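Please read the structure below before turning to the comments.
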Amino acid sequence: MNNLKNLRGTVDLLPDQLIKWQNVEKIVLEQLARASINEIRTPILEMTELFIRGIGEGTDVVSKEMYTFIDRGERSCTLRPEGTASVARALIQNGMLSNHPLQKLWYMGPMFRYERPQAGRQRQFHQLGVEFIGYDSVRSDVEIIALAWDILGKLGIKELNLEINTLGDLDDRSNFQKSFLKWLDINKDSLDLDSQNRINKNPLRILDSKNIQTKKVLENAPRLFNFLSEKSHKRYSALKRQLEVLKIPYIENFNLVRGLDYYTHTAFEITSGALGSQATVCGGGRYDDLIKQMGGPNTPAIGFAIGLERLILLAGKDFEIPRNTDIYIINQGLIAESLAMDLSRKLRNYDLLVELDLSGASFSKQFKKANKLKSRSIIVIGDDEAVKGEFFIRLFDQSSNGNEEELISFENDIKLENWINNNLLVR
RNA sequence: GCGGGCGUCGCCAAGUGGUUAAGGCAGCGGCUUGUGGCGCCGCUAUUCGGGGGUUCGAAUCCCCUCGCUCGCCCCA
């Protein structure tokens with residue numbers, strides 16, 4: 001084996017694997033289009049500052065997972081680790097927020113985080129993100145959760161858990177934080193090391209600790225929930241009520257804190273036990289202050305991201321089935337080969353999967369190939385046919401007895417079309 | 001960044017110190033130069049992720065390294 005290899009945490013998606021990706025993406029894009037959500041594409045490469053300010057300096061993503069380098073113009077550049085900051089930047093920069101204060105957007109593409117690869121986790125991974133910009137009603141929270149839930153449902157993914165929480169607004173959070181920091185000061189010695197390190201950097205994340213002992217100690221800590229304003233409380237209750245109306249089951253998880261700093265109020269995650277330790281397939285929440293913080297107009301927003309690698313892991317085997325060849329063109333001989341080429345172009349006017357055999361191999365070989373591909377029908381053109389200006393077309397599955405075989409002149413497009421309509425396009 | 005497991009052909013694998021590294025699938029060729037699915041026959045790893053060492057001798061033992069994988073952490 002030579003020593004040119006892909007980088008750690010990156011993968012080649014080969015044709016066989018892409019069948020599943022394409023089938024899954026097709027369903028997803030259909031759902032997005034039906035919900036009137038528009039695509040936005042932003043650069044994969046951004047200035048580093050965007051993520052530091054957008055995501056938050058204290059977060060793990062920014063402090064230790066970014067692919068950052070200095071370019072030839074001595075600018076600090078970063079391969080995007082997530083999509084929301086770029087979308088916010090693009091909207092601000094292009095003046096989109098004054099012309100179109102309300103927007104529903106989606107994006108899909110590669111993201112980069114320098115982490116140890118694991119099941120469902122790559123360094124280059126792919127996310128589908130949806131952002132509702134300018135929407136502040138609880139109904140937009142509900143719609144976006146329902147949208148994520150339904151995309152996963154459309155893909156036939158079962159046994160999902162929706163976890164929700166509210167993080168309150170900035171005031172709620174700073175009130176809580178004061179009290180929480182006091183408590184941390186007294187109890188820090190009983191926390192695990194990771195959590196102790198977070199006290200100064202990102203205290204809220206301590207709530208989300210997986211350490212069993214820390215979890216136990218935290219049971220006596222002040223709760224963010226008790227610091228919520230009347231307004232935040234109402235909002236959260238309304239969210240729960242509406243999810244119940246839609247019959248979307250949820251679990252309240254008061255320790256659910258998103259890893260990116262920009263979230264406010266609603267936070268949610270959709271997880272699946274089938275994913276192993278990387279259980280989260282979808283994560284999202286409200287970020288009412290982000291756009292303003294980044295220098296834009298005061299614009300509330302909510303969004304989510306779905307990890308496509310994890311989605312592919314969860315989607316069933318049904319999505320792995322490729323579309324079969326409809327017509328395989330067996331051909332041999334100088335004139336026959338040129339007629340076959342011409343015919344194959346004509347056939348591409350139909351919604352059919354047509355493969356022209358270019359091997360020049362024996363008829364027997366070409367038949368075997370057609371059979372291996374499970375082609376639904378074959379066309380045969382050899383010297384005899386070429387001379388007469390006609391070709392055979394016939395159904396090729398095992399059950400057919402050859403009655404559907406037809407001899408058609410190269411000029412007779414109508415006869416060809418009729419045969420196709422009767423045999424291939426009716427299913 | 002820290003732990004555990006693993007690394008033999010494109011894929012799945014046998015082999016655990018001794019002359020030529022099983023087998024299956026796939027691929028290619030033939031039986032059958034113009035008609036498929038079955039069957040039969042043949043071909044396909046000077047080499048066991050890479051490098052070094054131990055040994056008369058290593059895929060098999062030791063060291064280093066790379067990669068994969070599963071956890072921790074973090075996240076989608």
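Note that the coordinates shown come from a computational prediction; the quantities given were computed from them, not determined experimentally.
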What does B/G67 pair with, Watson-Crick or G-U, if both distances are under 3.5 Å?
-> B/C6
Is a side-chain donor-acceptor pair under 3.5 Å present for A/Y262 with A/D289?
-> no
Anything under 30° is parallel, anything over 60° is perpendicular, the rest tilted; go ahead and classify A/Y135 against A/F132.
-> tilted
Does B/G36 have a Watson-Crick or wobble mate here (both distances under 3.5 Å), and if so which one?
-> none
So does A/K374 get a side-chain nitrogen or oxygen closer than 4.0 Å to the phosphate oxygens (OP1/OP2) of B/G36?
-> no
Run the salt-bridge test on A/K346 and A/D413 with the 4.0 Å N-O cut-off and return the result as yes or no.
-> yes
Counting only side-chain N and O atoms of A/T280, is one of them less than 4.0 Å from OP1 or OP2 of B/C75?
-> no
Identify whether the distance between the nearest side-chain nitrogen and carboxylate oxygen of A/K104 and A/E143 falls below 4.0 Å.
-> yes
To the side chain of A/V380, which of B/U35, B/A76, B/G30 is closest?
-> B/U35
Can you tell me the Watson-Crick or wobble partner of B/G1, both distances under 3.5 angstrom?
-> B/C72
Compare the aromatic ring of A/F367 with the six-membered base ring of B/G36 and state whether they stack according to the 5.5 Å and 30° rule.
-> no
Remember a base hit wins even if backbone is also touched, and classify A/A305 as base, sugar-phosphate or nothing at under 4.0 Å, heavy atoms.
-> sugar-phosphate
Is A/G283 touching bases, backbone alone, or none of the nucleic acid, heavy atoms closer than 4.0 Å?
-> sugar-phosphate
Centroid-centroid distance, A/F410 to A/F391, less than 6.0 Å | yes
Between N or O atoms, less than 3.5 Å apart, protein on one side and nucleotides 68-73 of chain B on the other: list the pairs.
residue	atom	partner	partner atom	Å
B/C68	OP2	A/R8	NE	2.5
B/C70	OP2	A/A119	N	2.8
B/G71	OP2	A/S277	OG	3.4
B/C72	OP2	A/S277	OG	3.2
B/C73	O3'	A/R198	NH2	3.3
B/C73	N3	A/R121	NH1	3.2
B/C73	N4	A/Q118	OE1	3.4
B/C73	N4	A/R121	NH1	2.9
B/C73	N4	A/Q278	NE2	3.1

Could you state the atom-to-atom distance from CG of A/L155 to P of B/A76 in whole Å?
-> 19 Å
Could you pick out which residue, A/K372 or A/S364, lies toward the 5' side of RNA chain B when each is mapped onto its nearest nucleotide?
-> A/K372
Residues A/R41 and A/E39 bridged, charged N to O under 4.0 Å | yes
